[in-house]
**Q** 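First the structure, then my questions, so here it is.
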There are 2 protein chains.
Amino acid sequence: MNRGKGKLEKIEKLFGRQVTYSKRKNGLMKKAHQLSVLCDVQIAVVSFSPSGRLSQFSSHNKRMEEILERYANLPDYLRD
Amino acid sequence: MNRGKGKLEKIEKLFGRQVTYSKRKNGLMKKAHQLSVLCDVQIAVVSFSPSGRLSQFSSHNKRMEEILERYANLPDYLRD
DNA sequence: CGTGCTATCTATAACTG
DNA sequence: TCAGTTATAGATAGCAC
């Protein structure tokens with residue numbers, strides 16, 4: 001029912017933080033996947049859970065390393 | 001009005017692809033930011049536009065390199 | 001390239017099993 | 001922990017500027 005409006009600040013209770021992390025992390029990865037398919041672009045997402053576990057997404061079955069290599073080698077004029 | 005239900009496949013027209021990329025990329029970065037604040041976790045997002053331009057997000061004002069270093073050095077038991 | 005609108009679709013907080 | 005439910009808040013497609 002989405003009772004709490006959800007201010008954008010750290011969730012203090014560890015349990016709630018873990019639950020929210022799990023759900024929102026799935027949503028984030030889903031959005032990344034959709035964007036990569038819809039627009040045919042390379043995307044990489046790296047996320048560490050509150051307990052330090054890694055989750056990752058890399059588009060087009062590319063290895064994460066391949067995308068990070070493209071990131072590292074990108075010329076300046078294509079950066080923000 | 002969200003007329004097209006939006007199947008999950010590449011948008012064929014370049015212009016539409018660029019517009020959708022721009023909008024959804026903003027949404028993705030926003031979600032990543034929210035997750036990093038709400039759950040106090042490190043997140044990195046790297047995204048290349050249809051024209052090859054880079055957008056990136058890294059949480060907590062950490063340099064992207066710092067997060068990618070954590071990624072590279074993470075022990076296997078914390079990986080998926 | 002953006003920004004604003006808005007009807008509709010999607011994600012999700014709180015809850016239950 | 002972990003999946004499902006449901007009422008809401010949030011995101012966004014198509015359009016106009």
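Per chain, numbering begins at 1; letters A, B, ... match sequence-line order. Since we're looking at a predicted model, the values are computed, not measured. Excluded from the calculations below are hydrogen atoms, water molecules and symmetry mates; all remaining heavy atoms, backbone and side chain alike, are included.
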**Q** Would you indicate what A:S22 reaches in the nucleic acid, counting non-hydrogen atoms under 4.0 angstrom: base, sugar-phosphate, or nothing?
**A**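 It contacts nothing in the nucleic acid.
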**Q** Kindly say if B:K31 contacts the phosphate of C:dT12, meaning a side-chain N or O under 4.0 Å from OP1 or OP2.
**A**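 Yes, because at least one side-chain N or O of B:K31 sits under 4.0 Å from OP1 or OP2 of C:dT12.
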**Q** Would you mind reading off the distance between A:L38 atom CG and C:dT10 atom C1', rounded to a whole angstrom?
**A**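 Going from A:L38 (CG) to C:dT10 (C1'), I get 14 Å.
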**Q** Please say whether the positively charged group of A:R53, taken as NZ for Lys or CZ for Arg, lies over the ring of A:Y21, i.e. under 6.0 angstrom from the six-membered ring centre and within 45 degrees of the axis.
**A** no
**Q** Output the rounded distance in Å from CD (B:Q18) to C1' (D:dG14).
**A** 17 Å
**Q** Assess A:R70 against B:F48: is NZ or CZ under 6.0 Å from the centre of the six-membered ring, and within 45 degrees of the ring's axis?
**A**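 Yes, a cation-pi geometry holds between A:R70 and B:F48.
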**Q** Are A:R24 and C:dA13 close enough that a side-chain N or O sits under 4.0 Å from OP1 or OP2?
**A** yes
**Q** Please find the pair of heavy atoms, one from A:A72 and one from A:R79, that lie closest to each other, and give the distance.
**A** O-NH2, 3.5 Å
**Q** For D:dC17 and C:dC1, measure between their C1' atoms and round to the nearest Å.
**A** 13 Å
**Q** Check the distance between D:dA11's P and B:H33's NE2 and give it to me in whole angstrom.
**A** 12 Å
**Q** On DNA chain D, does the nearest nucleotide to A:K23 precede the nearest nucleotide to B:N26 from the 5' side, or the other way round? Give the residue.
**A**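 Counting from the 5' end, the first nearest nucleotide belongs to A:K23.
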**Q** Using atom CD of B:E9 as one end and atom P of D:dA13 as the other, report the distance to the nearest whole Å.
**A** 14 Å
**Q** Using only modelled atom types and a 3.5 angstrom limit, is any donor from either the side chain of B:K30 or the base of D:dG10 paired with an acceptor on the other?
**A**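 Answer no: no donor N or O sits under 3.5 Å from an acceptor.
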**Q** Compare all side-chain heavy atoms of A:L8 with those of B:Q34 and state whether any distance is below 4.5 angstrom.
**A** yes
**Q** Under a 3.5 Å distance rule, please check whether A:R24 uses its side chain to pair with a backbone N or O of B:L35 as donor and acceptor.
**A** no
**Q** In whole angstroms, how far is the P atom of D:dA13 from the CZ atom of B:R17?
**A** 15 Å
**Q** Using whole Å, report how far CG of A:L8 lies from C1' of C:dA13.
**A** 15 Å
**Q** Check whether any side-chain nitrogen or oxygen of B:Q34 sits under 4.0 Å from OP1 or OP2 of D:dA11, and answer yes or no.
**A** yes
**Q** For B:L35 and D:dA11, what is the distance between atoms CG and P respectively, to the nearest whole Å?
**A**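 From B:L35 CG to D:dA11 P: 13 Å.
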**Q** Give the rounded distance in Å between these two atoms: NZ of B:K25 and C1' of D:dA13.
**A** 18 Å
**Q** Looking at every strand, decide which applies to A:F15 at a 4.0 Å heavy-atom threshold: base, sugar-phosphate, or nothing.
**A** base
